[in-house]
J.: 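Pasting a structure below so you can have a look.
All figures in this text were calculated on a predicted structure; none of them were measured in a lab.
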Amino acid sequence: MLASTSAGFDGTVAGLSALQLPPVIAGRLGRAGFRTTLDVLHCSPSEIESRSGLSAERARLACGAAYQFHVCPAELGRTALQMLGQSTSMSTPSRLTTGCARLDACLGGGLLARGITEVAGESATGKTQWGLQLSLTAQLPVAAGGLGGGTAYLCTESVMPIRRLNQLAEHFRARFPGAHERSVASLTGCVYVQHVRDTEDQWDVVSRRLPLLLAQRNVRLVVLDSVAALFRVEFSVEQAGERANELFRLGARLKAISDQFGVCVVCINQVSDYFGKDDKTGSRGGSDSAASSGRLVVPYGGLAWSNVINTRVLLTRTRHGFLAGGTGDGGGGDCSSRPSDAPRRAGGGDDGSSASGSVDQRAVVAGGGGGHAAPADNAGRRMHVVLSPHAPNSRCDFVVTEQGVFGQ
């Protein structure tokens with residue numbers, strides 16, 4: 001579970017009457033053994049439906065009333081001036097460092113600390129490596145570019161790569177002065193992991209369990225890894241309209257969570273091949289496309305998903321590895337022409353398999369784990385900032401090493 005199911009956030013324990021539910025619903029809940037608002041809050045709608053015999057609609061109503069009572073009480077009559085004052089008085093930092101000065105420079109100082117940042121790419125571009133590194137940098141003090149809090153990591157594709165996270169945490173302590181006094185156990189202990197099995201479970205997480213965690217713990221970053229995995233399995237091509245609606249609902253919910261709790265949300269996403277005119281040259285396909293492994297790709301989700309994100313970062317693979325002092329094929333823009341931040345060892349790192357494209361033969365990184373492997377060749381990787389409200393379109397070559405993600 002993401003969150004502990006201990007007592008309420010402010011110590012308030014109220015009877016069912018506090019939820020002001022219709023008598024028929026309150027009666028059913030009482031006969032099923034629900035005595036307090038917390039009893040309802042700590043159950044999912046399906047659990048309430050099963051225990052009480054209520055319809056699915058009425059079970060959701062009861063669950064929503066408990067959530068509203070404990071987590072986000074109604075604030076009626078707030079003026080625009082009051083909302084502006086609350087926004088400007090928040091102590092939330094404006095940026096989250098990636099852990100690399102080169103990458104931060106291309107991103108306009110780092111990731112936005114509010115809103116949704118998408119990190120998309122094909123298999124073996126290092127998406128999960130970004131997510132793991134950000135889950136550590138979020139714990140840095142605000143003065144050091146962090147958010148001063150933990151991370152909620154939602155896994156939809158595979159088992160959380162715990163061994164790799166431990167490996168990064170060991171190097172993280174040596175790389176950052178603000179983490180010197182932290183143990184590996186204390187760093188990984190601030191990463192709250194939730195494995196999500198299907199889209200129904202995912203909605204329960206983002207609508208109920210995640211807000212509970214954010215209200216109870218000092219969590220400043222939410223990572224969803226990944227957006228596309230469950231939707232690609234559960235929705236067919238004929239269900240494109242329904243899939244678009246569900247994607248939009250998920251994005252809107254995550255954006256509301258970011259605004260309500262003042263947290264940074266990072267959504268890792270897969271890509272699809274773009275089949276259009278001049279797709280091999282990269283001259284067509286829209287501003288959200290880029291060439292990766294010799295073909296043009298676009299992030300999964302289409303227009304519905306693109307409309308809810310704030311920043312889009314696209315990771316690609318170049319056809320050739322980095323040569324000594326080189327930047328792959330074709331250079332990497334302003335950022336990639338600078339000296340590298342990376343350590344001498346430049347072995348790649350994988351982010352787990354996705355549904356896009358074939359994958360090179362792989363070799364497990366020494367000391368890595370969680371089943372996440374690295375390409376046997378030292379293939380080049382490139383970050384493209386394709387959508388951002390605070391940074392120009394740019395790109396930067398990077399490598400994934402045993403120590404972490406570093407710009408070239």
Side-chain angles (χ1 to χ4, degrees), residues 1-78 86 149-156 160 189-222 224 230 246 249-250 252-263 265:
M1 295 289 291
L2 261 175
S4 167
T5 55
S6 56
F9 316 132
D10 57 2
T12 300
V13 179
L16 291 181
S17 60
L19 300 182
Q20 299 181 356
L21 292 168
V24 63
I25 298 179
R28 284 284 189 93
L29 291 175
R31 289 191 292 272
F34 293 92
R35 297 290 179 261
T36 70
T37 55
L38 288 179
D39 292 339
V40 180
L41 183 67
H42 292 154
C43 288
S44 67
S46 59
E47 290 171 334
I48 295 175
E49 181 182 356
S50 175
R51 287 178 54 182
S52 66
L54 289 168
S55 66
E57 182 179 357
R58 287 180 170 180
R60 285 194 297 269
L61 177 63
C63 193
Y67 171 80
Q68 190 77 19
F69 180 81
H70 280 281
V71 181
C72 56
E75 295 181 323
L76 299 177
R78 282 199 306 165
Q86 180 185 14
T151 299
Y153 206 105
L154 314 180
C155 300
T156 66
M160 175 75 172
C190 289
V191 180
Y192 300 86
V193 181
Q194 174 71 59
H195 292 97
V196 184
R197 62 180 181 269
D198 53 38
T199 54
E200 182 180 355
D201 188 37
Q202 179 172 256
W203 182 251
D204 183 58
V205 169
V206 299
S207 63
R208 186 179 66 89
R209 282 177 271 173
L210 179 58
L212 286 176
L213 175 70
L214 297 177
Q216 293 181 352
R217 299 282 191 267
N218 179 29
V219 172
R220 312 305 301 168
L221 171 67
V222 176
L224 174 60
L230 299 178
E246 289 300 311
R249 185 170 75 136
L250 172 64
R253 182 67 192 136
L254 290 172
K255 185 171 285 189
I257 287 175
S258 174
D259 183 62
Q260 179 184 345
F261 294 99
V263 298
V265 177

J.: How long is the straight-line distance from CG of Leu250 back to NZ of Lys255, given to the nearest 0.5 Å?
T.: 12.0 Å
J.: Looking at CG of Leu221 and OG of Ser258, how far apart are the two atoms once the value is rounded to the nearest 0.5 Å?
T.: 10.0 Å
J.: Give the minimum heavy-atom separation between Leu16 and Thr36, together with the two atoms involved.
T.: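 Scanning both residues completely, I find the closest heavy atoms to be CD2-O, 3.6 Å.
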J.: Give, for atom CE of Met160 and atom OH of Tyr153, the distance between the pair rounded to the nearest 0.5 Å.
T.: 5.5 Å
J.: A side-chain contact here means heavy atoms from C-beta on lying under 4.5 Å apart; do Ser44 and Glu200 qualify?
T.: no
J.: Do Arg60 and Glu57 sit within salt-bridge range, that is, some charged N less than 4.0 Å from a carboxylate O?
T.: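 The answer is no: the pair does not qualify as a salt bridge.
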J.: The criterion is side chain to side chain donor-acceptor pair (under 3.5 Å); which residues satisfy it with Gln202, sequence neighbours excluded?
T.: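 With sequence neighbours excluded, Gln202 shows a side chain to side chain donor-acceptor pair (under 3.5 Å) to no residue whatsoever.
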J.: Could you tell me if the side chain of Gln194 sits less than 4.5 Å from the side chain of Leu213, heavy atoms only?
T.: no
J.: Walk me through it: do Trp203 and Glu246 pass the test side chain to side chain contact (heavy atoms under 4.5 Å, CB included)?
T.: CA-CA 10 Å; Trp203 182 251; Glu246 289 300 311; 5.8 Å; no
J.: Below 4.5 Å, heavy atoms only, C-beta onward: do Leu224 and Thr156 meet side chain to side chain?
T.: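 Of all side-chain heavy-atom pairs linking Thr156 with Leu224, at least one is under 4.5 Å.
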J.: Check each of Pro45, Cys43, Ser207 against Cys63 using the side chain to side chain contact (heavy atoms under 4.5 Å, CB included) test, and report the only one that passes.
T.: Pro45
J.: Might you point out which heavy atoms bring Val263 and Ile257 nearest each other, and give the distance in Å?
T.: CG2-O, 4.0 Å
J.: Considering only NZ, NE, NH1 and NH2 on the basic side and carboxylate oxygens on the acidic side, decide whether Asp201 and Arg197 come within less than 4.0 Å.
T.: yes
J.: Considering all heavy atoms of both residues, which atom of Ala59 and which atom of Leu54 are nearest to each other, and what is their separation?
T.: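 The pair with the smallest heavy-atom distance is N-CB, 4.4 Å.
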J.: Quick one, Phe34 and Arg51 - any side-chain contact, counting heavy atoms below 4.5 Å?
T.: yes
J.: Nearest 0.5 Å please: distance from the CG atom of Leu254 over to the CG atom of Asp259.
T.: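 Nearest 0.5 Å value for the CG-CG distance: 13.0 Å.
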J.: Specify the closest pair of heavy atoms between Arg220 and Phe261, including all atoms of both residues, with the distance to one decimal.
T.: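 Minimum heavy-atom contact is NH1-O, 3.7 Å.
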J.: If you define the side chain from C-beta out and look only at heavy atoms, does anything of Leu214 sit under 4.5 Å from Gln260?
T.: no
J.: If every non-hydrogen atom of Val196 is compared with every non-hydrogen atom of Asp198, which pair is closest and at what distance?
T.: CG1-O, 3.5 Å
J.: On a heavy-atom basis, which atom in Pro22 and which in Leu61 lie closest, and how many Å separate them?
T.: CD-CD2, 4.5 Å
J.: Nearest 0.5 Å please: distance from the CZ atom of Arg217 over to the OG1 atom of Thr151.
T.: 14.5 Å
J.: Can you list everything that forms a side chain to side chain donor-acceptor pair (under 3.5 Å) with Arg28? Sequence neighbours excluded, please.
T.: none
J.: Check the surroundings of atom CD in Glu47: do more than 12 heavy atoms from other residues, nucleotides or ligands lie under 6.0 Å from it?
T.: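 Yes, the 6.0 Å shell around CD holds more than 12 heavy atoms from other groups.
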J.: Contact between Leu29 and Leu19 at the side-chain level, heavy atoms closer than 4.5 Å - yes or no?
T.: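 No. Closest side-chain heavy atoms not under 4.5 Å.
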